[in-house]
Structure formats: C-alpha cells, structure tokens
Amino acid sequence: MDEHYKPEAVETRWQTHWMSEELYKVQEDASQAKYYLLEMFPYPSGKIHMGHVRNYTIGDVVARYKHMRGYNVLHPMGWDAFGMPAENAAIANKTHPARWTYDNIDAMRRQLKRMGFSYDWDREIATCRPEYYRWEQWLFLKMYERGMAYRKESYVNWCETCQTVLANEQVEAGMCWRCGKPVRQKKLAQWFFKITDYAEDLLIHCDQLSGWPDKVVTMQKNWIGKSVGAEIDFPIENSFRHISVFTTRPDTIFGATFICLAPEHPMVLELSTNTSQKAEVSAFVDRISLQDRSAKGIESYEKEGVFTGAYCVNPMSGYRMPIYTANFALMGYGTGAVMSVPAHDQRDFDFARKYGLDIIVVVQPESSLLEPSAMTEAYSGEGLMVNSGAFNGQRNTEALQLIVDYFEAHSLGKRTVSFRLRDWGISRQRYWGAPIPMIHCDACGIVPVSESDLPVVLPENADLLDGGHSPLPTLPGFMRTTCPQCGSKTARRETDTMDTFVESSWYFQRYCSPHYHEGMFDPKAVNYWMPVDQYIGGVEHAILHLLYSRYYTRVLYDMGLVSYKEPFTRLLTQGMVCKETVQCPTHGFLFPEEVLSGKERLCKICHQPVNIGRVEKMSKSKKNVVDPNVLLEKYGADTTRLFCLFASPPERSLEWSEQGVDGSFRFLNRIWRLSAIWMPCVQQSPAFDGSMDSLAPDLRELYKKIHQTIFKVTSDIEDRFHFNTAISAVMELVNMMYGFSVENATPELIRLFRLAIESVVLLLSPVTPHITEEIWHELGYSNSIFMASWPKYCPDALVKDMLLVVVQVNGKLRSKFTVAADTDDDAIKQQALADERILKCIAGKIVRKIVVVQKKLVNIVI
RNA sequence: GCCUGGGUGGCGGAACAGGUAGACGCAAGGGACUUAAAAUCCCUCGGGGUUUAUCCCUGUACGAGUUCGAUUCUCGUCCCAGGCACCA
C-alpha cells in the first residue's frame, strides 16, 4: 500500500470501476425490503453549489447506509429543468434556453459523478423533455375534466415599458429589474388548480406526518390556516341587499362600528355610485389596484381606506356602520369584507383612530376597566360581555357560541370555516415551461387538446425577445392550430406555460419507471417503490413544494392512479448553506472570484471598493456561491463530503467558511497512514472474534472503544442523522489506535487491529466511499465495501464497570470520584458526604437536603 | 408586518429525558524531529483572580421566573436566518 494518500487517483479508479460494474443499478425485487431515498432534484443552473453538495452528500450517506443494512435502495437523480433563469441566461448570452439547459445538465452531471454519489443514472429524468411533460399535460386534461383545473382572473406584476409579466423576484422595490420603471398590477385570465378542495384533508393529515420535522408540519398547518367562525349578513341601509362578512370573533359583534371591503370587492363601486364619495372611491380603487397585493406587500403599505358613502346596520346593536374600502382587506380571504371591531382588534383600532370612528368596548377584562377614549391599544383577550344586550355578563368565550346560535335561529348568519390557503395559480406568461394543453376557438371557446395529440411540444428553437416576454404568442407554427371540436382553422393554442412547481409535484413517481410510455408511471413500479421513505431537501421548500406535492398526490389518489395520499414518509429539511453577499456599486452582485481581496475588497472589473451585504442563502442570483470544483481539485470528493457533514448537523444552517476543510483532509490522511503502517501485518491475519474477557486490559479498552464507536455511529445515523458526531466518534477511535505501536505487536493485537481498521472503514464508507473502498480491497476483499454488511456492536462491550459520580454543593460542582458500577445510591451518598473536599465545603453548615441522581450525581443542599 | 426556526470559546460545533458547559475539529501560541521547509508528533488554549491548587469567582444573546440544580423548561426583550403564494 502506497504510503501517500492520493485522492484523485483513488477516486477516479473506483468511480470508473463502480460504473463498469453497474453497482448502483436497482430493480424491483419482491424478496427484498425496499427503501426509497430521494433528494430534491436540482435546477440545472450550470454548476453545483455547496447546498447541492451538502444535500446530496447527506442523501448518499443514508442511501449507502441503508444498502449496507440490507435494503433494496432506490436512489435516483434528475433535473428540474424548466424555469426562468434559462430565459434570463438566453437573453444575456444570446443563446436558446434549451441549449443552455442541456449544456448545464451535462456539466452538472459530470460534477455529481465526480462526487461519487450512488445514483442509478439509468433513471435520470429532465422535466423539459416532452417524454416527461406530456404526462403532466395528460394529467392537466384529466384535472380539467373534473373541474380541478379552471380559469379565473387574477393579478400579475406588469411592466408597461417591457410589456412583460414579472416574477416577484424581478420586482425590486416596486420597480422592474430590467428597466427600472414602476411595476403595476394587471388583471389577466389565468389557470388555477383547486387545491382549496383539499384544504381540510391536507390539514387533517398533517398530524399523521410523524416522520416530518415538527416545524415543517406547523408551517404547513399555519399556511393552510383554518379558522372557525361565522359568516354574518349586514343589511345595507336603504337597500334590500346585504354584505356578508367572515369573522372569527362573532362575540364582538355589538362592538362592530364599521365595515371594510377589499378594493376589488364587487360592491365597492356600486355602493359609492350615487354618493359624493364616488370620485374619491374610484380613485382609491384605481390606486390600490396598482399596488402589490401579496401578503408582504399588504403589510408594507400603510393601512388606509376611503368611505364609500354607504352604511350598513349592525343586526344586533342597530348601530349605523359606515362602509369603507380599505387596502388591508383581501378579496381572496373569507368574503372579502371585514366587520371592524376597533376595541378588540388592533388593525381596526388603528384604522378607527386614523379616521375618527367610534370605539365600543364589548368584552371587559376582569383586571381593569376599559375606557374607549383612554385606550392605547385594542384588547383581544378574554373577559365578560358588556354593551351586548341580552349577552351582558357572560364570558365572551361562551357568548360566542350563543351568539352564533342566535344568528342561525334568526337567519342572520351561520357557522363557517375559512381557510387562508388559496387556489394554486399555475399559469405563467413565459416561454421555458410546459405548455398548457388548451386551445382557444372563436366558436367553441376554450377547448382541451385531445389526448391523442399530446404532447403539445414546446418549440425549442425560439428566440427570446427583448424585455423578456414569451415568444410563444409570436410563433405562428405554435399558435395556429385546428379546433378539436369544430375543426376551425383559426383556433389558437394557449400560450401560458405551467408553473415549474407542477413538474416537481410528481417527479418522484416518474423515477420509479422513467422510461415508461403508457402513462405517467408504471403502476407495478410505483406500487413497489412508493411512497418515498426518506426525502431530503432544503428547508426553504418547507411549504410550497411539499404542499403542492401532497396535493398533487391526492389528485392522483382520487383518480385511482396511486394507492397512497402522502408521498413522503420521512422528511429531513437541511439548513441552508449561507454566505455573505458582495455588491459592486456599478457591477451589482459579484461572485467571490470577481473580488480582489486585500486590506479593502475591490471589484475585479472596476477596482471600486465593494459593499459587503447580509449573510444569505447561497443563490445564483445573489452570486454568493462557493464553487465545489475548487475543493474537488484540491482535496478530492471524500474530503469535500466529509467536511460538509462534519461542519454541522444537517438541519442547521451553515454559514460557509473555508476554515476546517484542511482538518478533514488531515483526518483521511491519518486513516490512510495508519492503514499503510499496519497493512503488512494485518493482511496476514484474521480479524479478532474472541471474547472480550480474554484480552489484556489495554487491548480490552481498544476493543470496547471499537464497539462503542460502532454503537455511537449507528445510532447517530439511524436516529437523528447527526453525522458530525458520528464522525467525531470515529476520530476518537482513530486517535486511540495511534496509541498502539506496530513494532512488537502481538498476534492478538494484530487481530484486534484488523477488527479496528475494518470497523473504521466500514463506518466511514457511506461518508467517504472511495478511500474506504481502497483500504477494503487492500485488506483482501474483492467485493465492493458497498456490498458489505454494516458492522454490529457487542452489547457487553458497552457496559461500563466504573462510573464517575459528580458531587455538588448547592448545585455547584465541588468534587468527583469513581465507583464500581454496582455501588448502590446509599453507598454513593455516604462516600460523597465523607469526601474530603465536600467536608470542607459543608463544615459548620446544616445539611438541609441531599439529592442523589442514580449513579451519576449527588447534590448537597446547605 | 405575519408564520417557522436559530443565538454556546478567536471559528465550526458537543452536551440525545433538567444533572461535570466547551467532546471532536479548525485557527493561534509553545516545543520535538529536520541543514531548512513541508509533513508528522507532543503541550497550552472561554474570561478574571492569587495563596499556583484535584483552588476561587464568572460565563451558553439580554432580563426575569420555576427548580436542590437551567445551554436545556416558562415569560419578556434584542439580533440573525428561512418562508410569505411568479426564484427554485
């Protein structure tokens, strides 16, 4: 065995070998337990980044570990290949999105292969291929048939100058990122998926996602946002009509002094028509319609509103309530109308103070007396009902139910639930996406493409246009078609493409049978492999991607295409890899290699000092990325993998720093050297398999350490994916092994050392598969270490015969001693009280209490 | 703003069910080996104190609380990150 560790030679040798042996190819095998390990597939941006390296290394360790535990492991990889960056790159580099994407896929595949991941590359998919998206189009047609896909109007970010719809990311402080002109909201008819039909089901099953992190489940629940309340009708003054509001606080109805309608509410303009407020209202509605209506946007604008000129009557108190339209009322939530109770809701309170509206207290806390004129904030807690007619004096929590009973009895309103979740808008006015398979016919209206005409192929040779808008509407070859219903030659194709989240909502099923031509997937393969046993990906996907996938799976379930509702049994959300951002005043965000570092960091192009920005998630658009290629060239794949895992536990975010990679490399060198030194002896000897008791004391310590390490590594991987502590444990074992000298080694020690080296190599093989494979073969094995079984620990070796007892006085550490493991608590207590240093501490004091924690600690309270 | 997390030495992190704070590693300093360097090996390493000890005080963002005992539980404050529906 060569004395020097040469990662590049070792790694390329085994990568070539594994590939020629087709080591990672898998098939359904009913005789074996399956394990589907999936990592979130990447967007092919061109280069893998540290987030990918971290994500895929974690996945690979688990895949290899499970394989060594005897599972038939499906571990696939592919490309989430549609999306906006391809269009931006095409505009910037005068190329085609398809060309750019396929080149990037080739480059990234090479990088992933260089990392030594155990993917079955025969199952690779790219979502931009018609073989993939044709089935997505097929499912769209099925969803359309069932009313699950429908069209309605909604708002988009619109840049008048570029004549383009902008993604939220392309809007910077309300301005277009390309031309810097203000962005306004524009109403467009768009396609939606009816995810709200599944709101209740998605919510109920949250509690069954026991393999998911609690925080993700909580985020999903909050996102769905079920609230129980009542819908109440408020009669409009001098009219036979009414306004319906949704409220979670029907108990406060006697305190409702005004109504707020969303600016998009159909009654806003109508109510103001015959009033002096007409002009002001329509100006307000026009102005607000240009504003960003996202949650973030709404919160960032000042709360404001305009009186419509009309009044409602409070059905309980008879109070004459002015009707306002206000920018914080959302048409998409509840009924688009809010009953405002300023005394008990902070937003209503602020609004009432701003516009001089009445505040009526109806829930009185028991501790203090609320006086409207003296209140500085709303009171939203519990209390007793006041100013509420027949309900006065009751607890508001009880009155709430009675009031709703009253509404229902008198047909004023009813119990109802409302969800925060909105339907999923899937239309994109973009080119690089899967075409929505619909046709617009002047005679027949909107008509689905017939199934036999699928796929509707996206023309890949289209040129992107200035300003970034989709070329599809300008391509006669794509646009012009015949109506499947009436045969009209003037029919036009839908030019919207689908949200890329649609592709990622079902790709995990496609991996089960990636070359299947009869449908989305082969039912046999899906029945065997699905659901995914362990899904691993960035925590940034905790809501949207995971919720859409859960929804889409339910749609497939209801169509009888799959037999499960939840696609991912266990989920690990890895923390983000973050890094500071660097911006040049002229050239914008800079890649690390575009910065000259010195006393002051300068832009490489213009030599101006750069601004160091926030620490943020590594992303291509912010350019705060680290190129894994540099690490691969300098240290190799094993060191890169080892460092990623050792640096922090997977669920935690990792602020990137160069420090520490050297340490991982040194550790692999230590293992290599240790193996090289002992190899001549160890090659000639079997591994120790005798009993622990027959060993000399120092050898027994090594034996115990080996088994403790196996135990620690196994439970760290199995229970919590804490690879950093697993690696630490192996480091400790290796440190101990360095305490033994090969000179004058007894046959017994050599046998034990073979066991130690084999254990180290087996335990690390999921993390650093190349170096361990090399040593494994040096030990005389001809099969890959990947085919070996995971080592077992001997429970007897974990038993400690001496225990350390800690003695505290008033909770402060004062002394410690070791006792035989079978010493009873009373004897430990006596020994603690007899301890010299403890006697010093408690001399002349009265011992008030003694706490003994079994075989661990004594605390003497004085 | 709202929802969800996080904050421990110079740095990454450990302490898994409330019981020794700082495992393991990096960086730094000192030493050994060497003609020299690299590599390797050994020692020191949260802060402060003096009587230099198996010593004392202090310390897990900050402020309270519960407890014999809190990095861990509760409440409040500050800061950082992720998500907020067209980045993926």
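Lettering follows sequence order; numbering is per chain, from 1.
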Peer 1: Within the structure shown, what part of the strands sits under 4.0 Å from Val165(A) by heavy-atom distance: base, sugar-phosphate, or nothing?
Peer 2: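 Base, at least one base atom sits under 4.0 Å.
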Peer 1: Looking only at atom P, what distance separates A17(B) and G7(B), rounded to whole Å?
Peer 2: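 Pairwise P distance, A17(B) against G7(B), rounds to 15 Å.
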Peer 1: Return the 5'-most residue of the pair Thr218(A), Lys617(A) with respect to RNA chain B, ranking by each residue's nearest nucleotide.
Peer 2: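 Mapping each residue to its closest nucleotide by heavy atoms, the 5'-most match is Thr218(A).
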Peer 1: Taking CG from Leu645(A) and P from G12(B), how many angstroms apart are they, rounded to a whole number?
Peer 2: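 From Leu645(A) CG to G12(B) P: 18 Å.
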Peer 1: Side chain of Val539(A), heavy atoms from C-beta onward: which of G7(B), A27(B), G82(B) has the nearest atom to it?
Peer 2: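 Closest nucleotide to the Val539(A) side chain: G82(B).
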Peer 1: Between Asp496(A) and Ser427(A), is there a donor-acceptor pair closer than 3.5 Å when you use the side chain of the first and the backbone of the second?
Peer 2: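 The answer is no, because no donor-acceptor pair under 3.5 Å joins these two groups.
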Peer 1: Which pairs would a plain distance check flag for residues 662-671 of chain A, meaning a side-chain donor or acceptor within less than 3.5 Å of a matching protein atom at least two apart in sequence or in another chain?
Peer 2:
from	atom 1	to	atom 2	distance (Å)
Asp662(A)	OD1	Tyr635(A)	OH	3.2
Asn669(A)	ND2	Phe665(A)	O	3.0
Arg670(A)	NH2	Asn735(A)	OD1	2.8

Peer 1: Please state how far atom CD1 in Ile436(A) lies from atom P in C86(B), giving the value in whole angstrom units.
Peer 2: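 Value for this atom pair: 13 Å.
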Peer 1: Once you apply a heavy-atom cut-off of 4.0 Å, does Gly425(A) come out as touching a base, just sugar-phosphate, or nothing?
Peer 2: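 Counting heavy atoms under 4.0 Å across all strands, the contact made by Gly425(A) is with sugar-phosphate only.
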Peer 1: Ring of Tyr155(A), cation from Lys186(A) - is the NZ or CZ under 6.0 Å from the centre and inside 45° of the axis?
Peer 2: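 The answer is no, since Lys186(A) fails at least one limit relative to Tyr155(A).
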Peer 1: Remember a base hit wins even if backbone is also touched, and classify Arg848(A) as base, sugar-phosphate or nothing at under 4.0 Å, heavy atoms.
Peer 2: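 Contact class for Arg848(A): none.
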Peer 1: Measuring from the side chain of Glu540(A) (C-beta onward, heavy atoms only), which nucleotide among U58(B), A88(B), A14(B) has the closest atom?
Peer 2: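 Closest nucleotide among those given: A88(B).
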Peer 1: Of the nucleotides C68(B), A88(B), A21(B), which one has an atom closest to the side chain of Met84(A)?
Peer 2: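 Of all the options, the side chain of Met84(A) is nearest to A88(B).
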Peer 1: In whole angstrom, give the distance that lies between atom CG of Leu544(A) and atom C1' of U4(B).
Peer 2: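 That distance rounds to 14 Å.
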Peer 1: Which of these nucleotides, C86(B), U8(B), A23(B), is closest to any side-chain atom of Asn157(A)?
Peer 2: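 For Asn157(A), the side-chain atoms sit closest to C86(B).
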Peer 1: Which base, if any, makes a Watson-Crick or G-U wobble pair with G46(B), both distances under 3.5 Å?
Peer 2: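 With both distances under 3.5 Å, G46(B) matches U58(B).
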Peer 1: Base, sugar-phosphate, or nothing: which does Asn669(A) touch, judged by heavy atoms less than 4.0 Å apart?
Peer 2: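 Result for Asn669(A) = nothing.
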Peer 1: Start with the C-alpha distance between Asp825(A) and Lys829(A), add both sets of side-chain angles, then the distance that settles salt bridge (Lys or Arg N to Asp or Glu O under 4.0 Å), and finish with yes or no.
Peer 2: CA-CA 6 Å; Asp825(A) 287 353; Lys829(A) 184 163 124 185; over 6 Å; no
Peer 1: Is it the case that the side chains of Glu494(A) and Trp191(A) hold a donor-acceptor pair, with the cut-off being a distance below 3.5 Å and no angle test?
Peer 2: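 There is such a pair (donor and acceptor under 3.5 Å, judged by atom type) between the side chains of Trp191(A) and Glu494(A).
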Peer 1: Going by modelled atom types, is there a donor-acceptor pair between the base of C86(B) and the side chain of Asn168(A) at under 3.5 Å?
Peer 2: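 By the distance-only test, no, there is no pair.
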Peer 1: For the P atoms, the ones on G82(B) and on U71(B), what distance do you get once it is rounded to whole angstrom?
Peer 2: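 One P to the other, the span is 30 Å.
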Peer 1: Can you measure Met576(A) atom CE to C87(B) atom P for me and round it to whole angstrom units?
Peer 2: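 Roughly 16 Å, once rounded to whole Å.
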Peer 1: Parallel, tilted or perpendicular: which describes the rings of Tyr198(A) and Tyr551(A), with under 30° parallel and over 60° perpendicular?
Peer 2: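 Because their plane-to-plane angle is over 60°, the rings of Tyr198(A) and Tyr551(A) count as perpendicular.
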Peer 1: Provide the distance between the two C1' atoms, one in C86(B) and one in G12(B), to the nearest whole Å.
Peer 2: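 These two C1' atoms come out 37 Å apart once rounded.
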Peer 1: Can you tell me how far C1' in C24(B) sits from the matching atom in G9(B), rounded to whole Å?
Peer 2: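 My reading of the C1' atoms in C24(B) and G9(B) gives 15 Å.
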Peer 1: Touch check for Gln190(A), heavy atoms < 4.0 angstrom, all strands: base, sugar-phosphate only, or nothing?
Peer 2: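 Base, at least one base heavy atom under 4.0 Å.
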Peer 1: For U52(B) versus U66(B), give the span between their C1' atoms, rounded off to a whole number of Å.
Peer 2: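 So the two C1' atoms sit 39 Å from each other.
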Peer 1: If A81(B) has a Watson-Crick or G-U wobble mate with both distances under 3.5 Å, name it; if not, just say none.
Peer 2: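 For A81(B), the partner nucleotide comes out as U4(B), under the 3.5 Å rule.
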Peer 1: Which part of the nucleic acid does Lys812(A) contact within heavy-atom distance under 4.0 Å: base, sugar-phosphate only, or nothing?
Peer 2: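 Here Lys812(A) touches the backbone only, sparing every base.
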Peer 1: Return the value, rounded to whole Å, for the distance between atom CZ of Phe82(A) and atom C1' of C87(B).
Peer 2: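 To the nearest whole Å, that distance equals 17 Å.
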Peer 1: Rounding to the closest angstrom, what is the interatomic distance between G19(B) and G10(B) at atom P?
Peer 2: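 That atom pair is separated by 26 Å.
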Peer 1: Looking at every strand, decide which applies to Ala647(A) at a 4.0 Å heavy-atom threshold: base, sugar-phosphate, or nothing.
Peer 2: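 Since only primed, P, OP1 and OP2 atoms lie under 4.0 Å of Ala647(A), the category is sugar-phosphate.
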Peer 1: Side-chain N or O of Arg814(A) less than 4.0 angstrom from OP1 or OP2 on C56(B)?
Peer 2: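 Yes.
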Peer 1: For A37(B) and U20(B), measure between their P atoms and round to the nearest Å.
Peer 2: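 Taking atom P in both A37(B) and U20(B), they lie 45 Å apart.
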Peer 1: Look at all strands and tell whether Ile543(A) reaches a base, only sugar-phosphate, or nothing, counting heavy atoms closer than 4.0 Å.
Peer 2: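 It contacts sugar-phosphate atoms only.
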Peer 1: Could you tell me how far A27(B) sits from A39(B) if I compare only their P atoms? Round to whole Å.
Peer 2: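 Pairwise P distance, A39(B) against A27(B), rounds to 10 Å.
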Peer 1: Is the positively charged end of Lys152(A) above the ring of Phe192(A), judged by distance under 6.0 angstrom from the centroid and angle within 45° of the axis?
Peer 2: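 Yes, a cation-pi geometry holds between Lys152(A) and Phe192(A).
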Peer 1: For Ile860(A), report the nucleic acid contact type (base, sugar-phosphate, nothing); a contact means any heavy atom under 4.0 Å.
Peer 2: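 No contact.
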Peer 1: Tell which nucleotide pairs with G65(B), taking only Watson-Crick or G-U wobble pairs whose two distances are both under 3.5 angstrom.
Peer 2: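 With both distances under 3.5 Å, G65(B) matches C73(B).
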Peer 1: Quickly work out the Trp223(A) CH2 to C3(B) C1' distance and round it to whole Å.
Peer 2: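 Value for this atom pair: 9 Å.
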Peer 1: Decide if the gap between the ring center of Trp506(A) and the ring center of Tyr132(A) is smaller than 6.0 angstrom.
Peer 2: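 Yes, they do, as the ring centres are separated by less than 6.0 Å.
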Peer 1: Within this structure, what is the CD-to-P distance between Gln854(A) and A17(B), rounded to whole angstrom?
Peer 2: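 So the two atoms are 18 Å apart, to the nearest Å.
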Peer 1: Going by the angle between their ring planes, with limits at 30° and 60°, are Tyr548(A) and Trp424(A) parallel, tilted or perpendicular?
Peer 2: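 Correct class here is parallel.
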Peer 1: Measure from CD on Gln808(A) to P on U67(B) and round the result to the nearest Å.
Peer 2: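 So the two atoms are 17 Å apart, to the nearest Å.
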Peer 1: Please determine, for U40(B), whether a Watson-Crick or G-U wobble partner exists with both distances under 3.5 Å, and give it or none.
Peer 2: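 Pair assignment: U40(B) / A32(B).
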Peer 1: Using a heavy-atom cut-off of under 4.0 Å over every strand shown, decide if Ser427(A) touches base, sugar-phosphate, or nothing.
Peer 2: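 Ser427(A): base contact, heavy atoms under 4.0 Å.
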Peer 1: Using a cut-off of 4.0 Å on non-hydrogen atoms, how would the nucleic acid contact of Lys840(A) be classed: base, sugar-phosphate, or nothing?
Peer 2: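 If one applies the 4.0 Å heavy-atom cut-off, Lys840(A) turns out to touch nothing in the nucleic acid.
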Peer 1: In terms of side-chain heavy atoms of Thr500(A), which of A88(B), C86(B), C16(B) is nearest?
Peer 2: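 Closest nucleotide among those given: A88(B).
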Peer 1: Less than 3.5 Å apart, any donor N or O on the side chain of Thr101(A) or Tyr43(A) sitting next to an acceptor on the other?
Peer 2: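 Distance-only check fails for Thr101(A) and Tyr43(A).
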Peer 1: Less than 4.0 angstrom between a side-chain N/O of Arg420(A) and OP1 or OP2 of G83(B), yes or no?
Peer 2: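 The answer is no; no side-chain N or O of Arg420(A) sits under 4.0 Å from OP1 or OP2.
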Peer 1: Have a look at Gln170(A) and say if it touches a base, only the backbone sugar-phosphate, or nothing, with a 4.0 Å heavy-atom cut-off.
Peer 2: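 Nothing, no nucleic acid heavy atom in range.
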Peer 1: The side chain of Leu804(A) is closest to which nucleotide in this list: A88(B), U20(B), A85(B)?
Peer 2: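 Nearest nucleotide to the side chain: U20(B).
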Peer 1: Of the listed nucleotides (A88(B), G69(B), C86(B)), which one gets closest to any side-chain atom of Val156(A)?
Peer 2: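 My answer, after comparing the listed nucleotides, is C86(B).
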Peer 1: Does the side chain of Asn724(A) get closer than 4.0 angstrom to OP1 or OP2 of A14(B) through an N or O atom?
Peer 2: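 For A14(B), OP1 or OP2 has a side-chain N or O of Asn724(A) closer than 4.0 Å.
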Peer 1: With heavy atoms under 4.0 Å as the rule, sort Pro649(A) into base, sugar-phosphate or nothing.
Peer 2: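 The answer is sugar-phosphate, as Pro649(A) gets under 4.0 Å only of primed atoms, P, OP1 or OP2.
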Peer 1: Choosing from U8(B), G25(B), G19(B), which nucleotide comes nearest the side chain of Lys856(A)?
Peer 2: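 Closest of the options to the side chain of Lys856(A): G19(B).
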Peer 1: So what does Leu421(A) hit on the nucleic acid, given a heavy-atom distance under 4.0 Å: a base, only sugar-phosphate, or nothing?
Peer 2: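 It contacts base atoms.
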Peer 1: Taking only the side-chain heavy atoms of Gln429(A) (C-beta and beyond), determine which of A88(B), U20(B), C86(B) contains the nearest atom.
Peer 2: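 Selected nucleotide (nearest to the side chain): C86(B).
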Peer 1: C86(B), U40(B), A14(B): which one has an atom nearest the side-chain heavy atoms of His722(A)?
Peer 2: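 Nearest nucleotide to the side chain: A14(B).
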